[in-house]
Number of protein chains: 2
Amino acid sequence: MDETPKPPLTRIQRENRARIREAALEAFTRHDLCGGLRGVTLDKIALVAGLTKPNILYYYASKDAIYSDLLENLLEEWLLPLKEISPDGEPLAEIQNYVRRKLRLSIEKPRESKLFATEILHGAPLTAATLSGYLKDLVDEKAALIERWIKQGQLAPIDPYHLIFSIWAMTQHYADFDVQVRAILGAEKTKRLPDEASVFFDTLCARLLTPSK
Amino acid sequence: MDETPKPPLTRIQRENRARIREAALEAFTRHDLCGGLRGVTLDKIALVAGLTKPNILYYYASKDAIYSDLLENLLEEWLLPLKEISPDGEPLAEIQNYVRRKLRLSIEKPRESKLFATEILHGAPLTAATLSGYLKDLVDEKAALIERWIKQGQLAPIDPYHLIFSIWAMTQHYADFDVQVRAILGAEKTKRLPDEASVFFDTLCARLLTPSK
DNA sequence: AATAAATTTGCCCAGATGGTCAAAAATTAT
DNA sequence: ATAATTTTTGACCATCTGGGCAAATTTATT
């Protein structure tokens, strides 16, 4: 395989390779330098859409405008399950139901999940305002509800914000990291995934949130 | 704000806008069409590194070679905490320790976490082989260990694979989605994040994994 | 100091990319 | 049928991008 006699790296080689690695890492997460939604070209979109490029630009002012639109429409649907957590239901069942709905959304619409993940991952250039406005308000509201349930002894005490983050993280993981999940589970276990994950999450919620007494 | 009288969309407008959105979504997650590591140019890397572009290509054969190198070095460090789960320790403590180490890694090295997330998110073009080889073997081994602990009654029964996925998802969430987390938590609560998250995860592990009897 | 080797740079290029524009084609209204 | 409007397209452009290359510069060797 390795045919080169592998000349040992000189001092300068080592230093600069390290420097480059560091710079690549830095540049990679510096939003002021990096784009974000690059990688998908207008030509590709046009090809898939079966339209010509100028035709696409006839409908959208720019490429970014397409993604803005996409993300806007996305967020609404994405937050529906959280919105539907009701103060009137049985607390544990409400949360288990939320998790189930969120998981189903992730498994059924992995593309949307990935788009959103990429947007956030790259610093949310198009949705930052919505996150700290609309989304924050919604989460604050639901966190307060969970807090109330805890105070009334209907749920075991837990930080509601981190609970919500965990639910987001765990459910979206199956969409965003599906390549990894599939690689590790193998073909058969992947087929049983939706059911097994559901059971896992039900168990997790029950053990985590059932009041001890 | 909105000055345009907003001419109502025609049928064709609505149809094609939807068509374009659909195509953008499709193209976005089609690995055969999309690149992946685009967005960070050699020029930007060069700028940050303080080197000229040809100079960078003197050290790395291509842009992709930089990322391959980066990802290779990354994976080793990233899997260390998992590797260190020991069959000789107290089961719950071993897992809590693992989670703590993983969380610290995420919080201290968010750039690495994000790079890896992007790679997986875009279909793991450079690491697919490692995932289904080295990584799968490692996870299989640790899953078997957890299974053994469960059989001996030292941990509450749970699917070990989904347990590991959840730990990955939850801990990396704080790095990969930091923008969202910060937007929702606000400044003060963000400052307390590392501690609060630690407490949250300890509680979660304890409730989830302590055998019922 | 002279020479050999390693490193850095300026200059160039071909292809891709986002976007423009005026003209052509299709649709709708009269 | 014809005029007005909307939609579609071919051709074009400036810029950016990854990368090549030979000359110039720096560093190590003798």
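The chains referred to below are lettered A, B, ... by the order of the sequence lines, with proteins before strands, and numbering in each begins at 1. Here the structure is a predicted model, which is why all the values come from computation and not from measurement.
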(request) Identify, with sequence neighbours excluded, every residue that meets side-chain hydrogen bond (donor to acceptor under 3.5 Å, both in side chains) alongside A:E72. (result) none
(request) May I ask you to say whether A:E147 pairs ionically with A:K142, meaning some side-chain N is under 4.0 Å from a carboxylate O? (result) no
(message) Under 4.0 Å from OP1 or OP2 of C:dT8: is there any side-chain N or O of B:Y58 that close?
(response) no
(request) Quickly work out the A:I45 CD1 to C:dG19 C1' distance and round it to whole Å. (result) 13 Å
(message) Rounded to whole Å, please give me the gap between CD1 in B:I56 and C1' in D:dT17.
(response) 13 Å
(message) Which residues pass the side-chain hydrogen bond (donor to acceptor under 3.5 Å, both in side chains) test with B:D202, not counting sequence neighbours?
(response) B:R100
Collect all protein-nucleotide pairs involving nucleotides 19-21 of chain D in which both atoms are nitrogen or oxygen and the distance is under 3.5 Å.
from   : atom 1 : to    : atom 2 : distance (Å)
D:dG19 : OP2    : B:K63 : N      : 2.9

(request) Figure out the CG/P separation between A:N55 and C:dA24, and round it to whole Å. (result) 18 Å
(request) Under the salt bridge (charged side-chain N to carboxylate O under 4.0 Å, His left out) rule, collect the residues that match up with B:D159, sequence neighbours excluded. (result) A:K189
(request) Measure from CG on B:L47 to P on D:dC16 and round the result to the nearest Å. (result) 14 Å
(request) Quickly work out the B:Y59 OH to D:dG18 P distance and round it to whole Å. (result) 20 Å
(request) Identify, with sequence neighbours excluded, every residue that meets side-chain hydrogen bond (donor to acceptor under 3.5 Å, both in side chains) alongside B:R182. (result) B:D178
(message) Under the rule for salt bridge (charged side-chain N to carboxylate O under 4.0 Å, His left out), what residues qualify as partners of A:E141, not counting sequence neighbours?
(response) none
(request) Give the rounded distance in Å between these two atoms: CG of A:D43 and P of D:dC12. (result) 17 Å
(message) Does C:dT9 have its OP1 or OP2 closer than 4.0 Å to a side-chain nitrogen or oxygen of B:T52?
(response) yes
